[in-house]
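Note that these values count all heavy atoms, side chains included, but never hydrogens, waters or copies made by symmetry.
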Amino acid sequence: MITFPKPDVEQFLRTFSIADFAVSPDEKHLVFSTNLSGKYNLWGMDLPNSFPYPLTSINQSCQGLIYDKKSRFIIAGFDQDGNENTQFYGVPLNGGTMKEIVNHENTRNFMPKLSNDSKKLYYTTSRGNPSFLNSYCLDLESGQERLVLEGKDAATYLFGFSPDEETLLYYKHFANTYTLLYAKKGNEDILLTPPTEKQHTVNDGVFVSDSMIYLLTDYDSDFTYLASYNLETNKFSKVKELENESFTAITYSKENQLLYITSQKGVEDQLYEINLQNENWRNIPVPCSVINKLEVAASGTLYLFGMSATKPHNIYKNKGDEWVSLTKYTVPGVDSNELVEPDIITYPSFDGREIESLFFRAKKENDNGEVIFWPHGGPQAAERKFFRASFQFFLNNGYSIFAPNFRGSTGYGLEFMKMVEGDWGNGPRLDNVAGLDWLIEQGHAQKGNILLMGGSFGGYMALLLHGRHADYFKAVVDIFGPSNLFSFINSVPEDWKPVMDQWVGNPEKDKEKLIEFSPITYLETMIKPMLVIQGANDPRVVKEESDQIVQALKDKGRDVDYLLLEDEGHGFSKKENEIAVYQKILSFLKRFTAVTEKV
C-alpha cells in the first residue's frame, strides 16, 4: 500500500482565489479576476460552458469590473503591485490588447459605471481633489469629459443614476459609521435620510424608477434595514428590518420587479428576495456562508460569488432555487474532511459585554497543543466564516486558531461598531485580553504559551498586546500593522485623512491618548521574539510603520525578523509571495512549538 506525505504549505496555498466577477447582459460570457496562473488576471468563460480561458496577462489584481450594456466589451480597473492607484481599461471579450480609458499617474480611481447606451463612463477620482474626490462623465467616443460631481466636506463617491440618467446618486463618507446618501437632480441635492445630528450610515441604494429609490440604512436604528425614498413626495419610509441583522447589499431585477438583499448576521450571511408588486419576502438558501457579490440577469438568473470556512471562493448560478457551481475551486490535494469548521463561541469581556468569536480547533490527529490568537483587521470589519487557506494550513500543521470579534467589529450593530472610534488601544485591547483569559480558563492554552498573529489593524493589535501584555505570549507575528499612530495618521491616502480624527484621533487634541495607544510607546516591554511582514507598496499602512518598529527593537537587541515584499501592497496578490510568507511564518512558529505526545 502506498502512503503519501502530509499536505504541505504549497497544497493549501495553491488554493486559488477570486477577487471579482461580472456576467454579460446576454449571459453568454462571464469574466472574473483570479490568480489561476499564480498572479491575478482576468479570465473568461463562454456560458453555459465553465472552462475558463485567460483574457489578460497584466498580472495585477482588478478593482472595478463591468460589461458594456450590449455585451461588446469589458471595463476593468488595475493598479500596480498593490499601490491602489487604479486606472481603467477597455478589454475585448476574448482578451488581447487592452485600451487605456482613464490613466492619470498617481491618481486613485473608483467605481466605474457605464451609461445605458454604453457611450459614457462615469467614475470617481482623486485627480484634482485628493481629499474629497471628484466624479466625471467621460464620452468614450470623443474622449471629452465633464465634471458631474465635486466632493466637498467628505470623500464623495458617485454611486449610480436614475434610468433616465437625469438624477445622480452619490454618498459622502464622513466616517465608516457616518455615510450619507444624496440624489442630485440639476442643482438640487436631496438628502435621502431625514435630517438628524445622530450619525448613521447608508451603505447601498438603487433606483427602481426615475423617482423611487430603495436604500439600506441604520437611520434611527442600531442595525441596517431596507428603506425607500420617493423623490416626487420627498418621503422616506422604513420598508423591512430583521432583528440583529444588518442588510449589506441590494440588487434590483427590473424585469421581475424584485429586490435581492444580502444580510449579515454575526459570522454568516443571508440572502432575501422581496417582490415589489406584492411585498412578499422570502429567504433564499445559498451555497456558502459569506456572500461577496450578487448579480441578477435580465432573465432572473442569479449569479453569486461567495465562500465558507472550508470552501474557497466560487461563482454559482441559480435558476429555480438550484445552485450550480460555475467554478470548482477546492484545496488541491486535500480532502474536505481534513478541513476544519470553526466553533462559534461567546465570552464576557471586562465590562460584561458578550464577544462572539470563531474558534478553529485542530483535529485530534494533528493537534500540537498550540493556539494562535488572531485579532482581525479593519478594525471595522469582522472575522467571519470565510475561507482562509492560511488558517487551514496552520490547522493541518496542528495549530488551533482563536479569532474574536472585539468591539468595533461589523455585524453587531452600529453602536458596537462605533466603540473602536477614538479608542483603538483600550476597549478592543481589553476585549482581546478577555479572550486570552477565556482560553486559559477553559484549559485551551497556558499563559505565556500563546502565539500571537494579526494583519493590518490585527497587526497593530498584535504589536500593542505584545507591548502591554507580553506575559501571555511566547512569539508574535505582525503583518503590515501600524506601529505609531502619529505617523500612521499622516501617511494614509489623502481621501482617508478627513476621517482620521473620528476614526483614530487628532494628533494635537488627542496627543496623550495617541501616545498611550501607539505600540511603539512600549518598546521596553516588547521582549518576545517577533516576525514582521510588510509590502513595500502598501498605501494604507506604509513601509515606515514596520521599518520604525523593527529598527527600534533591533537597536535594543531584540529577536526580530523582517520580511519585506517589494512587489506587494496591503496584502499578497502574488502566489509565490503568499507561499513564501506562510512558509516563513510556519518556520518561525515552529521555533516555539512544543512537540506533544499523542495519546
Smallest separation among heavy atoms of [X] and [Y], with atom names:
X: F416; Y: S409; value: CD2-O, 3.5 Å
X: T327; Y: I315; value: OG1-N, 2.9 Å
X: F223; Y: S246; value: CD2-OG, 3.3 Å
X: A154; Y: H173; value: CB-O, 3.6 Å
X: P52; Y: M45; value: CA-CG, 4.1 Å
X: Q199; Y: L414; value: O-CD2, 3.7 Å

Check this for me: K238, atom NZ, are more than 12 non-hydrogen atoms of other residues, nucleotides or ligands nearer than 6.0 Å?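 Result for NZ/K238: enclosed.
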
Looking at K497, I'd like to know if its NZ atom is crowded, meaning that more than 12 non-hydrogen atoms belonging to other residues, nucleotides or ligands lie closer than 6.0 Å.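 Atom NZ in K497 is packed in, count exceeds 12.
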
Donor-acceptor pair, distance only, cut-off 3.5 Å: does the side chain of [X] make one with the backbone of [Y]?
X: S456; Y: G458; value: no
X: K240; Y: E279; value: no
X: N230; Y: K235; value: no
X: Y67; Y: V31; value: yes
X: N134; Y: G151; value: yes
X: N405; Y: E383; value: yes
X: N35; Y: K39; value: no
X: T156; Y: K172; value: no
X: E421; Y: Q502; value: no
X: E27; Y: L47; value: no

Basic-acidic side-chain contact under 4.0 Å: [X], [Y]:
X: R540; Y: E84; answer: yes
X: K574; Y: D81; answer: yes
X: K119; Y: E165; answer: no
X: R384; Y: D269; answer: yes

Check the angle between the aromatic planes of [X] and [Y] and answer parallel, tilted or perpendicular using the 30° and 60° thresholds.
X: F236; Y: Y219; answer: perpendicular
X: H376; Y: F406; answer: parallel
X: Y171; Y: F159; answer: perpendicular
X: F161; Y: Y122; answer: tilted

Side chain proximity check, [X] to [Y], heavy atoms < 4.5 angstrom:
X: Y272; Y: E245; answer: yes
X: L180; Y: T193; answer: yes
X: V102; Y: L121; answer: yes
X: K385; Y: S308; answer: no
X: T167; Y: D210; answer: no
X: L133; Y: R108; answer: no
X: M98; Y: I58; answer: yes

Identified ring pair (Phe, Tyr, Trp, His ring centres under 6.0 Å) partner of Y170 from the options F132, F110, Y182: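 The ring pair (Phe, Tyr, Trp, His ring centres under 6.0 Å) with Y170 is passed solely by Y182 among F132, F110, Y182.
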
Only one of W424, F174, Y178 forms a ring pair (Phe, Tyr, Trp, His ring centres under 6.0 Å) with W503, so which one is it?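 Looking at W424, F174, Y178, the match for W503 under the ring pair (Phe, Tyr, Trp, His ring centres under 6.0 Å) is W424.
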
Nearest 0.5 Å, what's the [atom1]-[atom2] distance between [X] and [Y]?
X: C288; Y: H313; atom1: SG; atom2: NE2; value: 10.5 Å
X: Y89; Y: F78; atom1: OH; atom2: CZ; value: 8.5 Å
X: T262; Y: K293; atom1: OG1; atom2: NZ; value: 12.0 Å
X: T301; Y: K317; atom1: OG1; atom2: NZ; value: 5.5 Å
X: N106; Y: Q87; atom1: CG; atom2: CD; value: 9.0 Å
X: N109; Y: N103; atom1: CG; atom2: CG; value: 8.5 Å

Output, in order, the C-alpha distance, side-chain angles, deciding distance and verdict of side-chain hydrogen bond (donor to acceptor under 3.5 Å, both in side chains) for N506 and D501. CA-CA 5 Å; N506 182 282; D501 277 13; 3.1 Å; yes

For side-chain contact (heavy atoms from CB on, under 4.5 Å), just list the numbers for L259 and L276, CA-CA rounded to whole Å, side-chain angles, deciding distance to a tenth of an Å, and then say yes or no. CA-CA 7 Å; L259 288 176; L276 296 183; 3.7 Å; yes

We want to know whether T124 and S135 form a side-chain donor-acceptor pair, criterion being a heavy-atom distance below 3.5 angstrom. yes

Is it the case that D117 and S115 place a side-chain donor and acceptor less than 3.5 Å from each other? yes

Report the C-alpha separation of K185 and S162 in whole Å, then their side-chain angles, then the decisive distance to 0.1 Å, and conclude whether the side-chain contact (heavy atoms from CB on, under 4.5 Å) test is met. CA-CA 10 Å; K185 189 169 186 178; S162 58; over 6 Å; no

side-chain contact (heavy atoms from CB on, under 4.5 Å) between F207 and Y252: does it pass, once the steps are laid out? CA-CA 8 Å; F207 277 97; Y252 176 53; over 6 Å; no

Could you point out which residue of D204, I284, I250, T251 forms a side chain to side chain contact (heavy atoms under 4.5 Å, CB included) with I261?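 Exactly one pass, corresponding to I250.
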
Kindly indicate, with the supporting measurements, whether the criterion side-chain contact (heavy atoms from CB on, under 4.5 Å) is fulfilled by T410 and N176. CA-CA 10 Å; T410 56; N176 291 337; over 6 Å; no

